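All chains are named by letter (A, B, ...) in the order of the sequence lines, taking the proteins before the strands, and each is independently numbered beginning at 1. Quick caveat: nothing in here was measured; it's all calculated off a predicted structure.
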There are 2 protein chains.
Amino acid sequence: MDQNMLFQKFVAFTAAVHQITYDMTKGVKSEMITPVQYKIVEYLAVSQPVTLSEISECLHMSMPNTSRELKKLTEKQLCEKVADDEDRRKQYIRLSPKGKAMMHEAFGQIESRFVERVQHMSAEELKDIEAALDLLHSKVFY
Amino acid sequence: MDQNMLFQKFVAFTAAVHQITYDMTKGVKSEMITPVQYKIVEYLAVSQPVTLSEISECLHMSMPNTSRELKKLTEKQLCEKVADDEDRRKQYIRLSPKGKAMMHEAFGQIESRFVERVQHMSAEELKDIEAALDLLHSKVFY
DNA sequence: CCTTTTACTTATCAAATGATAAGTAAAGGA
DNA sequence: TCCTTTACTTATCATTTGATAAGTAAAAGG
């Protein structure tokens, strides 16, 4: 019950999460987009509308680079910029219909892969899994 | 209790795991190394000795690129290549003492950050966390 | 007003990464 | 023995990503 053993499990677990995330998202991203651009669009899908600064901060990239990638995404018609009325320096970014469709497609594929893993389970098992997700999310990965 | 809600939690959870992994590993990697090179050395630390092909496959990079990065790591004296006696085409790769020291340092920092998160907890809580890690690892992230 | 700060853009440049073609050298058959 | 496959290397090139300098335009504060 030492913390060292718990740390070993933590490391092995996070490695597994990264591996499964890779497996489940592999191939879902459209070819018209680079990995960083996918990250941005994925972030937008969950958090829109956001400002350029927020994207820059949350995705750990510099403002100039964020601006550049966002410009490319806008040129590809995957997202739109809307100027804020209150503060006209700000730009609210959100997905375009095309961008939404793309992410809907992607999330659909990911969800079906998730369901494959989970469909054979009993209600009991699902409840345990839910509880475990909640516990770790609140106490370790917060 | 629907699977859709569970999927939402799964997505939020994996996002949190990625975020925390980023936080906990940020700044631990030596400046003499690129991100991909760190990935390789990290993999070596856990799995050595391995062949070049295994690294290539597990880290999803092409053989030529793996070979190149490994060459750079060898030049930096962070890992060593040992020819297999049975099959002299094969190269077993392992960390050098310097590479081991580097990863020991890195894992030490990560572990201390982990311990910060966990040290205030009761034995009961730690046991629950361990059980949750085991459950999710075996049933979802396998 | 005038200065400073904030939010973002444009332009470059360098470094890291990915992809492909073409090799070598050893092993494994037929 | 000769051919094929395997494991890896070298070379090269394009793309992606990261970093920095210098700008614009609006807001905020004196």
Side-chain angles (χ1 to χ4, degrees), chain A residues 18 22 25-44 47-76 78-94, chain B residues 18 22 25-44 47-76 78-95 102:
Chain A
H18 281 83
Y22 173 84
T25 57
K26 114 182 253 184
V28 306
K29 84 169 221 290
S30 138
E31 295 143 26
M32 67 187 298
I33 251 184
T34 70
V36 192
Q37 284 166 11
Y38 180 80
K39 279 275 152 218
I40 295 178
V41 176
E42 187 186 55
Y43 178 66
L44 285 175
S47 313
Q48 69 181 333
V50 278
T51 64
L52 208 141
S53 313
E54 288 178 282
I55 298 175
S56 169
E57 197 190 329
C58 294
L59 268 29
H60 319 110
M61 41 196 295
S62 70
M63 284 281 287
N65 292 337
T66 309
S67 180
R68 175 187 59 202
E69 297 309 320
L70 227 31
K71 191 181 174 190
K72 289 178 190 168
L73 287 172
T74 307
E75 280 161 1
K76 287 172 187 164
L78 293 170
C79 64
E80 298 164 344
K81 302 183 180 179
V82 188
D84 185 357
D85 287 330
E86 319 262 286
D87 184 340
R88 284 188 310 195
R89 288 168 307 179
K90 285 190 184 171
Q91 302 250 349
Y92 283 105
I93 322 267
R94 61 179 188 209
Chain B
H18 281 83
Y22 173 84
T25 57
K26 114 181 253 183
V28 305
K29 84 168 221 291
S30 140
E31 295 142 26
M32 68 187 299
I33 250 183
T34 70
V36 189
Q37 283 166 13
Y38 180 80
K39 279 277 153 215
I40 294 177
V41 176
E42 188 185 55
Y43 178 66
L44 284 176
S47 313
Q48 68 181 332
V50 278
T51 63
L52 208 140
S53 314
E54 288 177 282
I55 299 175
S56 170
E57 197 190 329
C58 293
L59 300 187
H60 320 109
M61 40 195 296
S62 70
M63 284 281 287
N65 293 335
T66 309
S67 180
R68 176 187 59 203
E69 297 309 319
L70 228 32
K71 191 182 175 189
K72 290 179 190 166
L73 287 171
T74 308
E75 280 161 3
K76 287 171 187 165
L78 294 169
C79 65
E80 298 164 344
K81 301 182 179 179
V82 189
D84 185 358
D85 286 330
E86 318 263 285
D87 184 340
R88 284 188 310 196
R89 288 167 308 180
K90 284 190 184 172
Q91 301 249 350
Y92 282 104
I93 323 266
R94 60 180 190 210
L95 291 181
M102 197 186 105

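Residue contacts shown for B:P64 include a base, since a base heavy atom lies under 4.0 Å away. Note on A:E86: only backbone sugar-phosphate atoms sit closer than 4.0 angstrom, heavy atoms only; bases stay farther off. Counting non-hydrogen atoms under 4.0 angstrom, B:K39 reaches nothing in the nucleic acid. Residue-level contact check: A:D87 touches the backbone only, with heavy atoms under 4.0 Å from sugar-phosphate atoms and none from bases. Within the nucleic acid shown, B:T51 comes within 4.0 Å of sugar-phosphate atoms alone, with no base atom in reach, counting heavy atoms only.
Between B:E57 atom CD and D:dT6 atom P there is a gap of 14 Å when expressed in whole angstrom units. Distance B:I93 CD1 to D:dT9 P: 7 Å, rounded to the nearest Å. Here C:dT6 presents its C1' atom at 10 Å from NZ of A:K90, a figure rounded to the nearest Å. Note: CD (A:Q37) to C1' (D:dT16) measures 9 Å, nearest angstrom. In this structure, OH of B:Y92 is placed 14 Å from C1' of D:dC8, rounded to the nearest angstrom. Across the protein-nucleic acid pair, A:N65 atom CG and C:dT12 atom C1' stand 12 Å apart, rounded to whole Å. Note: CD (B:Q91) to P (D:dT6) measures 18 Å, nearest angstrom. Atom P of nucleotide C:dA15 and atom CE of B:M32 are separated by 16 Å, given to the nearest angstrom.
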Before giving the answer on side-chain contact (heavy atoms from CB on, under 4.5 Å), spell out for A:L59 and A:T66 the whole-Å C-alpha distance, their side-chain angles and the decisive distance to 0.1 Å.
-> CA-CA 9 Å; A:L59 268 29; A:T66 309; over 6 Å; no
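Side-chain nitrogen and oxygen atoms of B:K81 include at least one within less than 4.0 Å of the OP1 or OP2 phosphate oxygen of D:dT9. Contact between the side-chain N/O atoms of B:T34 and the OP1/OP2 oxygens of C:dT17 is found at a separation under 4.0 Å. Between B:S67 and D:dT10 there is no side-chain N or O to OP1 or OP2 distance below 4.0 Å.
Between A:K39 and A:E42 there is a salt bridge, since a side-chain N of the basic residue sits under 4.0 Å from a carboxylate O of the acidic one.
Set against C:dG18, D:dA19, D:dC8, the side chain of B:S53 has D:dC8 as its closest nucleotide. In this structure, of D:dC8, C:dC8, D:dT10, it is D:dT10 that holds the atom nearest to the side chain of B:K71.
At a threshold of 4.5 Å between non-hydrogen side-chain atoms, the residues B:M102 and B:I33 count as touching. For the pair A:C79/A:L44, a side-chain contact is recorded, criterion being any heavy-atom separation below 4.5 Å from C-beta on.
With the nearest nucleotide of DNA chain C identified for both A:E54 and B:K72, A:E54 has the one nearer the 5' end. Where A:M61 and B:R68 each meet DNA chain D at their nearest nucleotide, the meeting point lying more 5' is that of B:R68.
Here the side chain of B:S67 pairs no donor or acceptor atom with the backbone of B:M63 at under 3.5 angstrom. Side-chain atoms of A:S56 never come within 3.5 Å of backbone atoms of A:L52 as a donor-acceptor pair (strictly under, hydrogens ignored).
With hydrogens and angles ignored, no donor-acceptor pair under 3.5 angstrom links the side chain of B:R89 to the base of C:dG28.
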